[in-house]
Amino acid sequence: MDLLKDLNDAQKEAVLQTEGPVMVMAGAGSGKTRVLTRRIAYIIEQMGVSPYSVLAVTFTNKAALEMKERIANLLGIDTKFMWVSTFHSFCARVLRAEAAHLGLTYTSNFQILDDEDSLKIVKKIFKKLDIGDDIKPQTIRTDISKSKNLADFNIEDPYRLKIFNKVKTEYDKYLCENNAFDFDDLLIKTVELFKNNADILNKYQDKFNYILVDEFQDTNKIQFDLIYLLAMNNQNIFVVGDEDQSIYSFRGALVSNIAKFKNVFPLTKLVLLEENYRSTKAILDLANKVIKNNNARIGKVLFTKQIDSVRPYYQMFDDNKEEADFVLNKILELREKGYEYKDFAIMYRANYISRNFEDVLIKAKIPYVIYGGFSFFSRKEVKDVVAYLRLILNQNDNISFLRIVNEPKRKIGSTTLEKLDYISNQNKISLFEAINYINNNSLNSFRDMILSLAKSVNEVPLGDFYDLVLDKSNYLKSLKDNDEEERIENINEFRSVLKEALDTYKGNNEAVLAGLLQDLSLRTDTDNKKDSDEVIKLMSFHQAKGLEFKVVFMVAMEEGIFPSVNAFSNEDLEEERRICYVGITRARERLYITAAKKRFMYGRDDFHMPSRFIKEMELLPKIKPRYTNQNKTLVYKANIKDKKDELPFKVGDEISHDVFGKGLVVEANKDIIKVAFMIPYGIKTLNPNHKAIKKL
DNA sequence: TGAGCGTACGCCCCG
DNA sequence: CGTACGCTCA
């Protein structure tokens, strides 16, 4: 096909300028994925470059998969093993290939720890160092991650700093001794590897003739260094970004990398994509209105030629139940008009909000998927069986050993394990080997079980071997005994993962399992789900980045939730605003924005004001909230005159109080009103005629 | 050793 | 509200 077909001039330029540094500033919905994939296809097809000489990095697995799929469709080639991946899997791939240069303890089958594993190790170290409970392991774990990611990290509190230093030293040592990396290490160790080994760096510099980076505004210092190291020689580096969609500063993303790029690569050619092909004008207007409140931006205004639009809709409900009912009814109503389930997405700031909507969707029997949240591969039972498989393949894997040695219960408790730990330290052997130095029946039979499974790995088909593991370990039986139906289902679902692995990796069972286990920690369960699935999607705004839907519900748009209570500084608030911008610009045709005055969370009712972003959208300029008699919900309607009320205040009024600040009337009678103020004041019962109160 | 119970606490967002 | 962890006792 003609790779330049249907591209506008700016997009064509971005595809054709294949040599030298190029930076594309691409607004939301301006066709950046299209540009990226066409450019890669162009380089391969029109210029004859090998697909394996192109490196493309993105942030999510989903984006990487989509890119591979699109390239495969454009060129009709197999893209499975192309270097199109997330930063993390790129680094893992390099580290596995170069493990020999990582120091004696690392081998190419190192394991990658997720947050849970990593926290467990920190807890273990807390015990070992006998650190009291005036500081939490989670705090130090977060500090360790921050110290690895943030450009300017420091701990003020000298006590915390002391603990941090001690724990971090032990932590790094433990990971090293156990042939493991955490997510942060993947990036750091790769950069270190390149910096310390000129010949290895040269090899990769020569290998990748063309480098492309998606979501460039979300790169952190380490990622920038990585890109720079790889691209500094041939300078064929192409980055795509949008300053207004930078939403990952909490893990060190630096918007300033955009300016830095131009400094480091002075020959940078700049391309602007400002025409939006995704959303209607009304939706785009909202996005522009919100984002213009940010000061820290160069500034651009997206435009579209699609002027035909349905007005975005905002409503604040009395409680989260009503909010969920509204969303449900709207979905049903729009389905009658021809929308399909896959056209809908419900988006929120924090994952726990999904609960509210799950409940009504289940009741209404509407199929849905939740993105993110608790991934399939981080479920306890899945991690347990994976640990069995890991230990069967490699008995020196202490991390997996500790996970399942007493799971299900085998009467191997902390006392026994402490003995084992002591012997393993004394003799510099793994915990598994240390079993031989203890006369303990439970441990002996555990060892024999693992060893006999290890013997039979290649003797039966993989599926049968999996059954054998579930059986001999007693794992399945223990789940059955406890009526853990959902867990059993997940254990069975894992079979499809094994089946897929058989298609992906070559060799005997052991080789297939080894390949699968290496890739597992970098996968999330929604990676394989097809967009064509007839389901509605629930996700956080962060998860939604890069995606689009015909109908978007932005829910729980309340102060304290969005912007989050944790957003204090002006920078924090600007980031929240960018998150809001990302949310709005996901919508193609219809956008519904909802909030609830009263939200049930943490086992109690919380009261919230509408998000400040709603005001910024100017959705209700001179409109007063009113009750309708029919449905007892607040509706905002233009051009309806406010009836004179004999009560001084009515529910929904915003007031200001000399001491408590701004508040929302949640109950109104003749001589008392209840008003919800911001944290820490909460609900106050007040005299409506008091001079401290003013109507806003 | 681990079941059973009481208490504390949740702070977002991701690979 | 749910869960995670620590303490106590059989």
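In what follows, every heavy atom counts, from backbone to side chain, and hydrogens, waters and symmetry copies are set aside.
- Here, C:dC5 and B:dC12 have their C1' atoms 23 Å apart, quoted to the whole Å.
- At whole-Å resolution of the value, CG in A:L520 and P in B:dG15 are 15 Å apart.
- Below 30°, between 30° and 60°, or above 60°: for A:Y248 and A:F59 the angle between ring planes is below 30°, a parallel geometry.
- Spacing between atom CD of A:Q543 and atom P of B:dC12 amounts to 15 Å, rounded to whole angstrom units.
- In this structure A:E559 satisfies the salt bridge (charged side-chain N to carboxylate O under 4.0 Å, His left out) test together with A:R612, sequence neighbours excluded.
- Residue A:G603 is in base contact, counting any heavy-atom pair closer than 4.0 Å across all strands shown.
- Taking a heavy-atom distance under 4.0 Å as the criterion, the stretch of DNA chain C touched by chain A extends 5' to 3' from C:dC1 to C:dC5.
- Both thresholds, 5.5 Å between centres and 30° between ring planes, are met by A:F250 relative to the base of B:dC13, so the two rings are stacked.
- With hydrogens and angles ignored, a donor-acceptor pair closer than 3.5 Å exists between the side chain of A:D184 and the base of B:dG15.
- Phosphate proximity of B:dA3 to A:K411: absent, as no side-chain N or O sits under 4.0 Å from OP1 or OP2.
- Taking a pair as Watson-Crick or G-U wobble with both distances under 3.5 Å, the runs of three or more consecutive pairs in DNA chain B are B:1-10 with C:1-10.
- For the atom pair CG of A:D481 and CG of A:N474, the computed distance is 8.5 Å after rounding to the nearest 0.5 Å.
- If you take CZ of A:F183 and P of B:dC13, they are 16 Å apart, rounded to a whole angstrom.
- When distances are taken from the side chain of A:N566 to each of B:dC11, B:dG2, B:dC14, the shortest belongs to B:dC11.
- Atoms CD1 (A:I188) and P (B:dG15) sit 18 Å apart, rounded to a whole Å.
- The CD-P distance, from A:E558 to B:dC11, rounds to 18 Å in whole Å.
- Note on A:T60: only backbone sugar-phosphate atoms sit closer than 4.0 angstrom, heavy atoms only; bases stay farther off.
- Using a 4.0 Å heavy-atom cutoff across all strands shown, A:Y248 reaches sugar-phosphate atoms only and no base atom.
- Nucleotide B:dG10 holds its C1' atom 10 Å from the OH atom of A:Y352, rounded to whole Å.
- The phosphate of B:dC11 (OP1 or OP2) has no side-chain N or O of A:S564 nearer than 4.0 angstrom.
- Using a 30° and 60° split on the angle between ring planes, A:Y352 and A:Y602 fall in the tilted class, from 30° to 60°.
- The interatomic distance linking A:K136 (NZ) with B:dC9 (P) rounds to 7 Å, in whole Å.
- Ring-centre distance between A:F90 and A:Y204: not below the 6.0 Å cut-off.
- The nucleotide whose nearest atom lies closest to any side-chain atom of A:Y602 is, among B:dG15, B:dG10, B:dG2, B:dG10.
- At B:dC14, one or more side-chain N or O atoms of A:N351 fall inside 4.0 Å of OP1 or OP2 (strictly under the cut-off).
- Rounded to whole Å, the distance from CD on A:E215 to C1' on B:dC14 is 13 Å.
- Of the inter-residue distances, the one linking A:E66 atom CD with A:D214 atom CG reads 10.0 Å to the nearest 0.5 angstrom.
- Residues A:I423 and A:I438 meet the side-chain proximity criterion, which asks for heavy atoms closer than 4.5 Å.
- Nearest to the side-chain atoms of A:T415 among the listed nucleotides B:dC13, B:dT1, B:dG15 stands B:dT1.
- Two rings, from A:F562 and A:F541, have their centers less than 6.0 Å apart.
- Of the two residues near DNA chain B, A:R349 and A:L417, the one whose nearest nucleotide lies more 5' is A:L417.
- Between the side chains of A:N356 and A:Y348, no donor N or O sits under 3.5 Å from an acceptor N or O.
- Residue-level contact check: A:K545 touches neither bases nor backbone, having no heavy atom under 4.0 Å from any strand.
- Proximity of A:S89 to the phosphate of B:dG15: no side-chain N or O atom is located under 4.0 Å from OP1 or OP2.
- In summary, the aromatic rings of A:F401 and A:F446 are positioned with their centroids under 6.0 Å apart.
- Residue-level contact check: A:F59 touches the backbone only, with heavy atoms under 4.0 Å from sugar-phosphate atoms and none from bases.
- Ring geometry for A:Y475 versus A:Y388: interplanar angle over 60°, hence perpendicular rather than tilted (30 to 60°).
- In this structure, A:N406 reaches the sugar-phosphate backbone alone: every heavy-atom distance under 4.0 Å involves primed, P, OP1 or OP2 atoms, never a base.
- The separation of C:dA4 from B:dC13, taken at their P atoms, amounts to 16 Å, rounded to a whole angstrom.
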